[in-house]
Amino acid sequence: TGPTIVAGEILVEIMAIERGLGFLEPLELTGPYPSGAPAIFIDQVARLGGGAGIIACVGRDDFGTINLERLRHDGVDVSAVSVSDRYPTGSAFVRYRPDGGRDFVYNIAESAAGRISLTAEARRLADAAGHLHVMGSALSIAGLKGIVAYAVKAARARGGSTSFDPNVRKELIDGADGAHFAALVDDADLLLPSGDELLAAAGVDDERQAVAALIARGVGEIVLKRGAAGSTRFGADGSRTDCPGFLVEEVDPTGAGDCFGATYLTCRRKGIEPGKALLYANAAGALNVTRRGPMEGLAGFDALDRFIFGTDRAAT
Ligand code: ADP
């Protein structure tokens, strides 16, 4: 029991309407949309009726306000979000390329997100948590490392669980960060890699070996995200469940992985069996990519049931 919590960056996303390369000429933009991987994740937990809270820092500005209003509206506990008078809420400008790639201009490092710290409210939320979800950004924001270390300990002390999305750039995981990364992997009751992150986390180049190695290191279960192809769950008992992707038109892939992970986790925390949880997660990820804006396609169980009923899936 106790809410699911996350810690990390809250920002806005501003998107180019037309696909193309970069931002080198004036173009039409749409946004700001509430964003930030931890925010997307925790908002989806709340949409599914799971207890949810976030530790973060935003600026005292409209970009912060639209995020706080959205999270609050959807039922996320934002009491541990501090508001900086000095630093603005971060932003990411994104333009999709014709080939599906993305160009970004980020304004995050010097934003309020970098001022996150272990406040009294953050401690209180971490002390009450039943589950902690950790994301790759935990290794790239200095203040966040201490919060994650504290929250992992607090979760463990209460018999709570943890999940980890190892979405980290390779160049960040050397030296001390490498040890920190490995500990987060080993501690995870649920690991949520996408693409090659599974192989990178295990340090081998074969999927089956990677799964065996990670389970041997103590990971409870692994759910691999495969984009349009769907997902696969590997249990600690050696079981494997494949779930083909839903056939949708991808408009904006940002946020799909976080929405997917939040849905899988919340289903499992509600006692839904792994196969059904995977189906809901696939549906949530697929529905999310059909809408512009990382948090605009988040959906509760009713909408997911309707989507599952009305949408075809790729053949296995
Ligand atoms: P990440 O954003 O972490 O890289 P993915 O792109 O694999 O994660 O997306 C997460 C999940 O969302 C996938 O496993 C799949 O279920 C769903 N999904 C993502 N993109 C699509 C797509 N184009 N069509 C259908 N489902 C998708």
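Because the structure is predicted, anything quoted here is derived from the model rather than measured.
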Between [X] and [Y], is any pair of side-chain heavy atoms under 4.5 Å apart?
X: R123; Y: Y150; answer: yes
X: F93; Y: F104; answer: no
X: H131; Y: P3; answer: no
X: L191; Y: F234; answer: no
X: T30; Y: I14; answer: no
X: F301; Y: K270; answer: yes
X: P274; Y: Y264; answer: yes
X: V58; Y: V81; answer: yes

Once you round to the nearest 0.5 Å, how far does [atom1] of [X] lie from [atom2] of [Y]?
X: L304; Y: L48; atom1: CG; atom2: CG; result: 6.0 Å
X: C267; Y: L279; atom1: SG; atom2: CG; result: 9.0 Å
X: L132; Y: I55; atom1: CG; atom2: CD1; result: 8.0 Å
X: S111; Y: E9; atom1: OG; atom2: CD; result: 9.0 Å
X: T311; Y: N282; atom1: OG1; atom2: CG; result: 11.5 Å

Are [X] and [Y] connected in the hydrophobic side-chain network, where two residues link if heavy atoms are under 4.5 Å apart?
X: V148; Y: I54; value: no
X: L192; Y: I40; value: yes
X: V6; Y: L68; value: yes
X: I222; Y: M135; value: no
X: V105; Y: F63; value: yes

I need the minimum non-hydrogen distance between [X] and [Y], along with the two atoms involved.
X: P88; Y: D61; value: CA-OD2, 3.3 Å
X: F23; Y: L27; value: CD2-CD1, 3.7 Å
X: V223; Y: R233; value: CG2-CG, 4.0 Å
X: S91; Y: I108; value: O-CG1, 3.9 Å
X: A80; Y: L125; value: CB-CD2, 4.0 Å
X: P193; Y: L198; value: CB-N, 3.6 Å

A quick test of your reading: do over 12 heavy atoms of other residues, nucleotides or ligands sit less than 6.0 Å from [atom1] of [X]?
X: D205; atom1: CG; answer: no
X: D186; atom1: CG; answer: yes
X: E28; atom1: CD; answer: no
X: E18; atom1: CD; answer: no

So, does [X] use its side chain to make a donor-acceptor pair with the main chain of [Y] at under 3.5 Å?
X: Q44; Y: A299; result: yes
X: R268; Y: I272; result: yes
X: T290; Y: L287; result: yes
X: R292; Y: D252; result: no
X: N67; Y: L11; result: yes
X: S35; Y: V12; result: no
X: S137; Y: S140; result: no
X: D196; Y: L199; result: no

For the pair [X] and [Y], find out whether any cationic side-chain nitrogen is under 4.0 Å from an anionic carboxylate oxygen.
X: R226; Y: E207; answer: yes
X: K225; Y: D165; answer: yes
X: R95; Y: D103; answer: no
X: R72; Y: D74; answer: no

With distance as the sole criterion, is a donor-acceptor pair present between the side chains of [X] and [Y] under 3.5 Å?
X: T4; Y: R269; value: yes
X: S79; Y: E121; value: no
X: R156; Y: T162; value: yes
X: E250; Y: Y96; value: no
X: R102; Y: T254; value: yes

- [ ] Kindly state whether the ring of F260 and the ring of Y280 have centres lying under 6.0 angstrom apart.
- [x]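 Ring-ring flag for F260/Y280: false, centres at least 6.0 Å apart.
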
Open item on the list: Classify the ring geometry of F181 against F164: parallel below 30°, tilted from 30° to 60°, perpendicular beyond 60°.
Closed with: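 F181 vs F164 ring planes: perpendicular.
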
TODO: Walk me through it: do E110 and R115 pass the test salt bridge (Lys or Arg N to Asp or Glu O under 4.0 Å)?
DONE: CA-CA 9 Å; E110 296 302 316; R115 317 312 299 172; 5.8 Å; no

